[in-house]
Amino acid sequence: MQLVKRILPDGNGINKAELDELTEKLKSITPSPGAEGKPKKAKKSKLVLKNAKGTIDQGPAEMAVREELFDKIKAVFKTHGAETIDTPVFELTDILTNKYGEDSKLIYNVAKPEGSDESLSLRYDLTVPFARFVAQNKIQNIKRYHIAKVYRRDQPYMTKGRYREFYQCDFDIAGSNYAPMFPDAECVKIATEIIDSLDIGKYTIKLNDRRILDGIFAACGCPDELFRAACAEVDKLDKLPWTAPDNEVSVRCGMIKKGLTEECADKIGQFVQRSGGQDLVKELLADPVLGANKSATEGLKEMSVLLEYLEAWKIMDKVSFDLSLARGLDYYTGVIYEIVMTPSEEDIKTAEVGTTVGVGSVAAGGRYDGLVGSLVGGKGKSNVPCVGISFGVERLYTLLKRKKDASSIRTTATQVFVMSGQKNMLKERAAILNDLWEAGIPAETSYKPNPKLLNDLQSCESRNIPWGIVFGEREIEEGIVLLRSITSREEEKVARSDLVKILKEKLAV
């Protein structure tokens with residue numbers, strides 16, 4: 001109405017009826033009082049169900065393969081007399097920092113809880129927590145294994161088994177007064193036993209020693225403050241060439257960018273591109289420059305001892321003394337090793353420059369004699385020498401699953417399925433089931449009151465359950481059951497009283 005009055009202040013030329021009609025029309029196109037400026041309700045965003053980047057779910061089939069992997073790894077660890085421990089998934093940040101070189105940036109820090117004065121981080125590996133466990137509990141000797149998840153803010157590469165959350169399987173020996181290099185050799189031996197038991201392809205165990213590397217860098221004129229930077233660049237030789245034309249990415253170029261002179265880089269290149277066995281050790285000891293370096297000489301002499309043990313254990317055909325191996329973790333003090341799967345021809349064809357060819361490393365480790373002592377700030381008894389090896393479960397799992405036929409994977413331990421083709425047999429099925437359970441035989445039956453026999457048989461076939469027990473009213477009266485092989489479909493009559501005994505005999509074969 002106010003709008004009408006502004007248009008026709010005196011109401012001249014329009015009667016009341018026309019005025020009312022115009023008012024109604026204006027109401028239909030004018031916002032009602034209070035409506036103008038009212039905020040619209042925000043649409044509720046739809047929850048996106050997905051995994052966080054760098055993580056995966058594991059279904060029954062995947063877990064069956066993973067448990068097989070864990071069982072085989074544990075069996076080897078136990079064969080060598082290891083006992084197991086567990087540690088928290090997070091540690092004090094101060095304990096983890098300055099232990100991983102350039103990789104320290106990959107540590108996940110945890111938001112500090114309100115009112116807490118502790119800075120926490122998710123564990124990056126299982127080695128530093130183990131060293132903390134040894135130091136905190138004043139342990140002098142232990143041979144342990146630990147299987148648990150670790151976390152890294154790495155760039156995921158899911159098809160090659162590189163995740164941000166993943167399992168590691170560690171084996172470590174802590175203690176002093178041991179025969180030199182014998183525990184180190186045992187770690188290498190364990191690696192061959194585990195990879196061989198998985199039957200996932202050919203591999204090479206690369207060996208080197210941080211003291212040899214330090215001696216090479218020193219003999220070639222590398223400044224002390226650039227040792228670790230040079231070491232990190234050398235460690236890229238499995239992904240990059242030593243040198244490349246037209247200033248393309250190469251290890252040599254990376255070393256020069258880090259501050260090394262061209263002359264120093266070229267001298268280092270003459271060493272780190274070499275690999276071999278005892279012959280190479282002898283050549284390096286005879287080298288007038290390297291042989292005069294105390295650190296390199298110590299490392300080379302112990303490498304010779306290590307190779308002698310590996311020769312005695314008949315695994316030298318899988319081992320290479322490789323001077324390009326330069327693991328970047330700061331806590332290594334002596335021998336280092338890495339297990340690298342041999343890439344397939346397809347892997348080589350599709351590999352991109354700067355990336356690992358194929359799956360790459362599936363296990364690595366070495367000697368870290370100063371880590372325990374560094375956590376307590378002292379030497380002597382608190383400084384417990386350690387050596388160990390860590391297996392990357394995700395990469396091993398990727399290789400193991402590739403060779404598996406999906407239809408052959410068993411997701412349960414069930415050995416026997418109890419079934420009947422007649423109605424109202426649930427109590428009878430339950431009674432037989434109870435006999436099997438009490439005898440420790442993994443068994444199941446359908447939860448349906450009157451399942452169809454054909455459906456039960458098909459379920460056994462799809463789930464790879466090897467045996468079925470079939471019966472009806474007649475069999476109950478005669479005190480027998482039909483024991484059916486699911487694969488061959490052959491049946492035999494078995495007295496109910498002998499069922500458990502006969503099944504145990506068949507399952508033991």
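Worth knowing before you read on, the calculation uses all heavy atoms, side chains too, and leaves out hydrogens, waters and symmetry mates. For this chain, numbers begin at 1 and follow the sequence in order.
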Decide side-chain hydrogen bond (donor to acceptor under 3.5 Å, both in side chains) for Ser324 and Asp322; before the verdict, give the C-alpha distance in whole Å, the side-chain angles of both, and the deciding distance to 0.1 Å.
CA-CA 5 Å; Ser324 71; Asp322 192 327; 2.6 Å; yes
Do the non-hydrogen side-chain atoms of [X] and [Y] ever get within less than 4.5 Å of each other?
X      : Y      : result
Phe321 : Leu306 : no
Leu503 : Leu436 : yes
Asp57  : Glu62  : no
Ile190 : Phe391 : yes
Leu207 : Ile205 : yes
Ile107 : Leu122 : no
Glu338 : Asn208 : no
Arg402 : Leu399 : yes

When you measure from the side chain of [X] to the backbone N and O of [Y], does any donor-acceptor pair fall under 3.5 Å?
X      : Y      : answer
Arg164 : Asp154 : yes
Asp456 : Met419 : no
Gln422 : Glu473 : yes
Arg211 : Val335 : no
Ser390 : Gly365 : no
Gln278 : Ser304 : yes
Thr55  : Glu165 : no
Ser361 : Val340 : no
Thr414 : Ile465 : no
Ser420 : Phe471 : yes

Flag the pair [X] and [Y] as a salt bridge only when some basic side-chain nitrogen lies within less than 4.0 angstrom of an acidic carboxylate oxygen.
X      : Y      : value
Asp125 : Lys99  : no
Asp196 : Lys318 : yes
Arg489 : Glu461 : yes

Does a sphere of radius 6.0 Å around CZ in Arg410 hold more than 12 heavy atoms from other residues, nucleotides or ligands, not counting ones at 6.0 Å or beyond?
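Yes.
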Under the side chain to side chain contact (heavy atoms under 4.5 Å, CB included) rule, what do Gln155 and Lys53 come out as? Steps first, then yes or no, please.
CA-CA 9 Å; Gln155 185 60 35; Lys53 189 176 182 181; 3.6 Å; yes
Once side chain to side chain contact (heavy atoms under 4.5 Å, CB included) is applied, do any residues pair with Phe70, and if so which ones, sequence neighbours excluded?
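So Phe70 forms a side chain to side chain contact (heavy atoms under 4.5 Å, CB included) with Arg66, Ile147, Tyr167, Cys169, Val393.
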What heavy-atom pair brings Lys236 and Ala232 nearest, and what distance separates the two atoms?
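For Lys236 versus Ala232, the nearest heavy atoms are CG-O, 3.6 Å.
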Smallest separation among heavy atoms of Tyr145 and Ala82, with atom names:
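Minimum heavy-atom separation between Tyr145 and Ala82: CD2-CB, 3.8 Å.
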Enumerate the side-chain hydrogen bond (donor to acceptor under 3.5 Å, both in side chains) contacts for residues 177-187, please, sequence neighbours excluded, ordered by first and then second residue.
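Pairs touching residues 177-187 that pass the test: His80-Glu186, Asn141-Tyr178, Asp184-Arg367.
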What orientation do Tyr368 and Tyr332 show, parallel under 30°, tilted 30 to 60°, or perpendicular over 60°?
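Perpendicular: the ring planes of Tyr368 and Tyr332 meet at over 60°.
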Steps toward side chain to side chain contact (heavy atoms under 4.5 Å, CB included) verdict (Thr411, Met63)
CA-CA 8 Å; Thr411 58; Met63 284 305 299; over 6 Å; no
Nearest-0.5 Å distance that lies between atom NE2 in His146 and atom CG in Asp86
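Output value for this atom pair is 4.0 Å.
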How many angstroms lie between atom NZ of Lys206 and atom OG of Ser275, to the nearest 0.5 angstrom?
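Interatomic distance, Lys206 NZ to Ser275 OG, rounded to 0.5 Å: 8.5 Å.
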